[in-house]
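Inspection log for the structure reproduced underneath, given as structure tokens.
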Amino acid sequence: MNTKLDTDYWENRYIENTSKWDLGEVSPPIRSYIDMIENKELKILIPGGGNSYEAEYLYHQGFKNTWVIDLAPTPLANLLKRVPDFPPEQLIKGDFFNLNDSFDLIIEQTFFCALHPKLRENYVHKMHDLLHPNGKLAGLLFNVPLNIDKPPFGGSEEVYRSLFLPFFNIEEMSVTANSIASRKGRELFFQFVKKA
Ligand SMILES: C[S@@+](CC[C@H](N)C(=O)[O-])C[C@H]1O[C@@H](n2cnc3c(N)ncnc32)[C@H](O)[C@@H]1O
């Protein structure tokens with residue numbers, strides 16, 4: 001793969017409007033998951049959040065301690081346009097791998113599949129570092145192979161188990177029933193709890 005998956009690459013996807021992953025709304029399995037969370041005080045991160053409909057939904061549901069990090073400035077600006085009272089300091093323009101903070105919950109939504117597979121172990125370590133004790137990483141992962149030379153990169157339940165199990169207890173990982181039509185049967189909803 002020659003393409004560098006850097007800020008310019010991602011920012012251009014948004015400027016050229018080739019952000020095909022963008023659902024234009026909160027992903028239904030994640031919305032259902034958020035609807036079950038009672039503690040509105042949780043500090044929540046959405047890494048590689050893009051236009052961050054999930055952050056918008058969380059914020060409107062009263063989860064005011066919601067944070068987003070993304071390399072690309074345009075989608076963060078878009079979120080602020082849609083939700084003008086979203087605290088701008090909670091929208092971080094930067095590299096997830098350089099983030100120094102800690103969270104109760106991190107929500108995954110087409111960020112893992114956007115990263116080159118060589119970064120997968122770094123992703124697992126970084127998620128572990130960013131979570132409070134007993135913190136949770138939850139969200140969606142594709143369970144189909146997808147591309148080998150450019151995002152989205154796919155995977156399987158077996159691959160994810162061997163990657164995450166050394167650092168997380170796997171509370172749930174199963175094909176979700178309420179994916180959008182084009183992703184039906186192709187994504188796993190998971191909840192991984194940080195091991196000590
Ligand atoms: C496929 S998009 C998904 C965006 C959003 N989660 C969604 O579902 O619409 C991947 C996002 O990750 C961001 N990204 C890629 N690498 C990143 C990194 N190292 N740190 C922060 N953001 C990154 C990109 O800018 C892009 O917005």
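Values reported hereafter were calculated over all heavy atoms of this structure, with side chains retained and with hydrogens, waters and symmetry mates removed. Counting starts at 1 for both ligands and their atoms, following the listed order.
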Which atoms of ligand 1 have any heavy atom of Tyr14 under 4.0 Å away?
4 (C), 26 (C), 27 (O)
Among all protein non-hydrogen atoms, which one is nearest to atom 14 (N) of ligand 1, and what is the separation to 0.1 Å?
Phe111 CE1, 3.8 Å
Checking a contact table here: which protein heavy atom is nearest atom 21 (C) of ligand 1, and how many Å away?
Gly94 O, 3.4 Å
Return a yes/no value for Asn51: is any of its N or O atoms, backbone included, closer than 3.5 angstrom to an N or O of ligand 1?
no
If you draw the axis of the six-membered ring of Phe167, does the NZ or CZ of Lys195 fall within 45° of it and under 6.0 Å from the ring centre?
no
Nearest to atom 17 (C) of ligand 1 by heavy atom, Leu71, Val68, Asp70, Asn122: which?
Leu71
Should Pro75 be listed as contacting ligand 1, given a heavy-atom distance under 4.0 Å as the test?
no
Checking a contact table here: which protein heavy atom is nearest atom 15 (C) of ligand 1, and how many Å away?
Trp10 NE1, 3.4 Å
Students often mix this up, so state it plainly: with edges at 30° and 60°, are the rings of Trp21 and Trp10 parallel, tilted or perpendicular?
perpendicular
Side chain Asn169, main chain Glu171, donor-acceptor under 3.5 Å
no
Close-contact set for ligand 1 against Asp95 heavy atoms, below 4.0 Å
18 (C), 19 (N), 20 (N)
Can you tell me if Asn147 uses its side chain to pair, donor with acceptor, with the backbone of Asp149 under 3.5 Å?
no
Going by atom types only, do Glu187 and Thr176 share a side-chain donor-acceptor pair under 3.5 Å?
no
Indicate if Phe153 and Leu119 have the same hydrophobic cluster label, given that clusters are the connected sets of ILVMFWY residues with side-chain heavy-atom separations under 4.5 angstrom.
no
Check each of Asp6, Thr110, Asp22 against atom 10 (C) of ligand 1 and report the one with the nearest heavy atom.
Thr110
Proximal ligand 1 atoms for Phe96, defined as those under 4.0 Å from one of its heavy atoms
18 (C), 20 (N), 21 (C)
Top protein contact for atom 6 (N) of ligand 1, by heavy-atom distance:
Gln109 O, 2.7 Å
Centroid-to-centroid, Tyr33 to Phe189, below 6.0 Å?
yes
Taking Glu54 for its side chain and Ser27 for its backbone only, find out whether a donor-acceptor pair lies under 3.5 Å.
yes
Specify the closest pair of heavy atoms between Ile69 and Gly94, including all atoms of both residues, with the distance to one decimal.
CG1-O, 3.4 Å
Could you check whether Lys136 makes a cation-pi contact with Phe192, meaning its NZ or CZ is under 6.0 Å from the centre of the six-membered ring and within 45° of the ring axis?
no
Return the closest protein heavy atom for atom 9 (O) of ligand 1 as residue, atom name and distance.
Trp21 CD1, 3.2 Å
Is it true that Tyr53 lies under 4.0 Å from ligand 1, counting heavy atoms only?
no
Identify the protein heavy atom lying closest to atom 12 (O) of ligand 1, giving its residue, its atom name and the separation to 0.1 Å.
Gly48 CA, 3.4 Å
Got the closest protein heavy atom to atom 5 (C) of ligand 1, with its distance?
Gly49 O, 3.2 Å
